[in-house]
Amino acid sequence: MTTLGIIRHGSTHWNKEGRAQGNSNIPLDQDGFSDARKLAERLATENWDLIYSSDLLRAKQTAEAIGKSIENIEIHLDPRLREVSGGQIEGTTEEERLSKWGNDWRELDLGIESAESVKARALPFIEEITYKHPNKNILIVSHGAFIKHTLKELVPHLNMIESLKNTSITKIIKLENGWDSELYNCTVHLD
């Protein structure tokens, strides 16, 4: 049975400021590094075989923190795991978007990557790694919106009311007829 542990990267100063990050290459902040180390300690007590990570710095740094705690684990960087591209909104806060484009800014064509585009890179990635590593436990370090779009496709019945927290882990298991979730948005390592 293949298990995916899908992790949202640690926090950045842009997370705290409420800035859209998209494909901007923002590093973890001090809390982000600290929380990634706590997550790493937790994951070191579990059975994981390899890590795939977005190549954006905040995800890569989270994956590297995990990799330091799990002996002999390989980290593979893959640009298909990048955050949803924010187009013109990258680097802006909600207040700045409202000021610049008005209340209906979400209706404008600001170059934001579509859900279809995200699925077109996420689903082949998942298919490829599950084929390549059957019956393995694979960690995937990525980004909030990317993870949300991917989970909607893989586990459509999953209740995702709560926003994904930084360094949260969601575990999904490959079944004969699809995927199911064993754990969602878990951050017990931060308690």
Side-chain angles (χ1 to χ4, degrees), residues 1-10 21-26 28 36 39-40 42-44 46-87 90 111-160 163-186:
M1 181 167 56
T2 303
T3 300
L4 303 181
I6 305 173
I7 295 165
R8 183 177 179 213
H9 63 78
Q21 294 181 109
N23 284 321
S24 297
N25 213 10
I26 308 304
L28 295 179
L39 173 62
R42 170 190 178 177
L43 296 175
E46 300 175 8
N47 182 25
W48 296 102
D49 299 302
L50 60 156
I51 303 172
Y52 279 87
S53 174
S54 158
D55 61 343
L56 293 175
L57 192 54
R58 57 196 184 271
K60 181 176 175 256
Q61 289 172 327
T62 304
E64 287 168 346
I66 296 164
K68 287 178 185 167
S69 290
I70 303 175
E71 218 172 285
N72 301 321
I73 196 162
E74 292 178 37
I75 299 174
H76 305 272
L77 300 180
D78 195 310
R80 291 177 291 181
L81 295 172
R82 284 183 170 205
E83 180 58 297
V84 175
S85 175
E90 287 192 19
I112 299 168
E113 185 178 8
S114 70
E116 291 306 313
S117 173
V118 176
K119 288 187 276 190
R121 59 189 168 94
L123 299 182
F125 168 81
I126 299 293
E127 196 174 301
E128 178 186 310
I129 66 164
T130 53
Y131 175 78
K132 201 169 166 180
H133 310 289
N135 302 311
K136 296 290 185 187
N137 298 321
I138 306 164
L139 292 171
I140 296 173
V141 183
S142 190
H143 309 267
F146 176 90
I147 294 169
K148 191 173 177 184
H149 284 303
T150 304
L151 290 174
K152 274 184 191 173
E153 287 301 307
L154 298 178
V155 194
H157 59 276
L158 182 61
N159 182 352
M160 294 189 292
S163 290
L164 289 167
K165 298 176 188 122
N166 290 105
T167 71
S168 67
I169 182 166
T170 298
K171 291 183 186 177
I172 62 172
I173 300 152
K174 179 89 170 115
L175 306 172
E176 276 185 42
N177 58 348
W179 293 87
D180 200 11
S181 178
E182 185 180 88
L183 186 69
Y184 176 70
N185 198 23
C186 182

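With rounding to the nearest 0.5 angstrom, the OG1 atom of Thr130 is 6.0 Å from the NZ atom of Lys174. For the atom pair CG (Leu43) and CD1 (Ile73), the distance works out to 8.5 Å, reported to the nearest 0.5 Å. Here the CG atom belonging to Leu28 is positioned 7.0 Å from the CG atom belonging to Leu57, to the nearest 0.5 angstrom. The distance from atom CG of Leu151 to atom NE2 of His157, rounded to the nearest 0.5 Å, is 10.5 Å. Between the CD atom in Glu71 and the NZ atom in Lys68 there is a gap of 15.5 Å [rounded to 0.5 Å]. A distance of 8.0 Å separates CD in Glu128 from NE2 in His133, rounded to the nearest 0.5 Å.
Judged by distance alone, with hydrogens and angles left aside, the side-chain atoms of Arg58 form no donor-acceptor pair with the main-chain N or O of His9 at under 3.5 Å. In this structure, Ser142 contributes its side chain and Leu81 its backbone to a donor-acceptor pair below 3.5 Å. Remark: the backbone N or O of Ile173 is not paired with any side-chain donor or acceptor of Glu182 at under 3.5 angstrom. With hydrogens and angles ignored, the 3.5 Å screen pairs a side-chain donor or acceptor of Glu83 with a backbone N or O of Ala145. The backbone N or O of Asn137 sits less than 3.5 Å from a side-chain atom of Asp49, completing a donor-acceptor pair. Listed for the Arg121 side chain is a donor-acceptor partner under 3.5 Å among the backbone atoms of Arg80. Judged purely by atom type and a 3.5 angstrom limit, Asn135 uses its side chain to pair as donor or acceptor with the backbone of Met1. A donor-acceptor pair under 3.5 Å is formed between the side chain of Glu90 and the backbone N or O of Gly86.
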Q | Criterion side-chain contact (heavy atoms from CB on, under 4.5 Å) on Ile70 and Leu139, from CA distance to verdict | A | CA-CA 11 Å; Ile70 303 175; Leu139 292 171; 4.2 Å; yes
**Q.** Derivation of the side-chain contact (heavy atoms from CB on, under 4.5 Å) call for Lys165 and Asn185
**A.** CA-CA 7 Å; Lys165 298 176 188 122; Asn185 198 23; 3.9 Å; yes
**Q.** Verdict with reasoning, Trp48 to Ile66, per side-chain contact (heavy atoms from CB on, under 4.5 Å)
**A.** CA-CA 11 Å; Trp48 296 102; Ile66 296 164; over 6 Å; no
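A parallel orientation is assigned to the rings of His76 and Tyr52, their planes being inclined by less than 30° (bins at 30° and 60°).
The side-chain contact (heavy atoms from CB on, under 4.5 Å) with Cys186 is formed by just one residue from the set Ile169, Thr170, Thr167, Leu39; it is Ile169. Checking each of Thr150, Ile51, Ile126 against Ile140 for a side-chain contact (heavy atoms from CB on, under 4.5 Å) leaves exactly one that passes, namely Ile126.
Here the side chains of Arg82 and Phe146 are not in contact, with every heavy-atom distance at 4.5 Å or above. Contact annotation: the side chain of Val155 never approaches that of Tyr184 to less than 4.5 Å [non-hydrogen atoms, C-beta and beyond].
Looking at every heavy atom in both residues, Ala44 comes nearest to Ser69 through CB-O, 3.3 Å. Between Ala65 and Ala36, the closest heavy-atom pair is CB-CB, 3.9 Å.
Ion pairing between Asp55 and Lys60 fails under the 4.0 Å rule for side-chain N and carboxylate O. Ion pairing between a basic and an acidic side chain is recognised when a charged N comes within 4.0 Å of a carboxylate O; Glu46 and Lys171 show such pairing.
At most 12 non-hydrogen atoms from other residues, nucleotides or ligands lie less than 6.0 angstrom from NZ of Lys148.
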